[in-house]
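In what follows, a single structure is set out as structure tokens and then discussed.
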Amino acid sequence: QINVAGGKYIATANTTTQTKCAANTWKSAHTVNYGSTSGCTACPTGYGVGAGAGTAQNTCYISVPAGQYLGTANGTTKSNCVAGTYKAAHNVTYGSTSSCAACTTRTKYSGAGAGACSTVSGGYYTTGCNASGNNCTGQSQCTGANYCSGGVSNACPSGYTANTSARKTAASQCQINVAGGKYIAT
């Protein structure tokens with residue numbers, strides 16, 4: 001008998017030469033009797049593995065592009081991440097699933113099928129967020145007597161509504177009109 005490493009097989013009887021399994025096939029560690037041979041098993045349809053790297057069926061994997069996930073174990077149907085979530089390109093091993101992650105905090109957002117969250121631009125606030133301020137789906141420009149900071153639209157302090165230019169990023173950009181001959185006391 002000869003002990004054969006995972007990812008390898010005995011192609012010719014009465015030899016000890018262990019041959020790597022071809023790409024997209026697998027074989028677990030096993031024992032071969034003298035005078036016998038062994039072979040590798042094909043990965044399930046849609047799954048693959050590098051030559052000699054398949055040591056069990058669950059080492060076969062399917063590649064999933066960015067912005068998608070595999071929701072059913074042993075499946076091949078990939079689905080788009082919903083808006084407010086993301087997933088980088090990844091591999092899923094046979095028998096496993098993957099899922100998208102939430103864009104967390106008010107400063108991150110994504111549309112459907114995103115491979116990463118985007119960071120809210122200066123002078124913009126995030127939209128479509130859940131009650132916890134996560135899973136934001138877009139951004140909108142701050143306008144009027146508002147300023148945006150940390151992905152949130154804030155009203156300018158009372159009376160400081162003179163500057164209505166868009167994309168203010170701090171309360172210090174809010175302005176008040178002061179009549180000639182008057183000043184604001186501290």
[X] versus [Y], closest heavy-atom pair with distance:
{"X": "A162", "Y": "N177", "result": "CB-OD1, 3.4 Å"}
{"X": "T169", "Y": "S149", "result": "O-CB, 4.0 Å"}
{"X": "C148", "Y": "Y125", "result": "SG-CD2, 3.6 Å"}
{"X": "K27", "Y": "C40", "result": "CB-SG, 4.0 Å"}
{"X": "G7", "Y": "T55", "result": "N-CG2, 3.8 Å"}
{"X": "G144", "Y": "K168", "result": "O-NZ, 2.6 Å"}

Would you say the side chain of [Y] lies within less than 4.5 Å of the side chain of [X], judging by non-hydrogen atoms?
{"X": "Q57", "Y": "C43", "answer": "no"}
{"X": "T45", "Y": "Y47", "answer": "no"}
{"X": "I62", "Y": "T76", "answer": "yes"}
{"X": "C142", "Y": "S153", "answer": "yes"}
{"X": "S118", "Y": "S110", "answer": "no"}

For [X] and [Y], test the side chains for any donor-to-acceptor distance below 3.5 angstrom and give the result as yes or no.
{"X": "T105", "Y": "T107", "result": "yes"}
{"X": "S165", "Y": "N163", "result": "yes"}
{"X": "T104", "Y": "N134", "result": "no"}

Donor-acceptor pair, distance only, cut-off 3.5 Å: does the side chain of [X] make one with the backbone of [Y]?
{"X": "Q141", "Y": "G123", "value": "no"}
{"X": "N130", "Y": "G133", "value": "yes"}
{"X": "N24", "Y": "A22", "value": "no"}
{"X": "N14", "Y": "G35", "value": "yes"}

Notebook entry, point to check: Within a reach of under 6.0 Å around NZ of K8, are more than 12 heavy atoms found that belong to other residues, nucleotides or ligands?
Noted result: no
Problem - Approximate separation, where rounding is to 0.5 Å, of T31 OG1 and Q1 CD - result: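 One gets 5.5 Å once the value is rounded to the nearest 0.5 Å.
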Here the ring-ring contact (aromatic ring centres under 6.0 Å, His included) pairs for residues 9-35, sequence neighbours left out, are none
| Listed once per pair and sorted, the side chain to side chain donor-acceptor pair (under 3.5 Å) pairs that draw on residues 88-98, sequence neighbours left out |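 Every side chain to side chain donor-acceptor pair (under 3.5 Å) pair that includes a residue of residues 88-98, provided the two are not neighbours, is S63-N91, H90-S98, T93-S96.
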| message | For residues 77-87, which residue pairs pass the side chain to side chain donor-acceptor pair (under 3.5 Å) check, not counting sequence neighbours? | response |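 Listed by first then second residue: Q68-N80.
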#### Entry: Nonpolar side-chain network containing V120, other nodes, edges under 4.5 Å
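Via sub-4.5 Å side-chain contacts, V120 links to Y124.
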Which Ile, Leu, Val, Met, Phe, Trp or Tyr residues join I2 in one cluster when any pair of side-chain heavy atoms under 4.5 Å counts as a link?
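Members besides I2, by chain and number: V4, I10, V32.
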- Query: Between C103 and C117, is the SG-SG gap under 2.5 Å?
  - Reply: yes
### Query
By side-chain hydrogen bond (donor to acceptor under 3.5 Å, both in side chains), which residues pair with Y109, not counting sequence neighbours?
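Q139.
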Audit row: Q175, C156, side-chain contact (heavy atoms from CB on, under 4.5 Å) steps and yes/no = CA-CA 8 Å; Q175 298 172 348; C156 286; over 6 Å; no
Stepwise side-chain hydrogen bond (donor to acceptor under 3.5 Å, both in side chains) test for K108 and T119
CA-CA 5 Å; K108 301 288 184 183; T119 300; 2.6 Å; yes
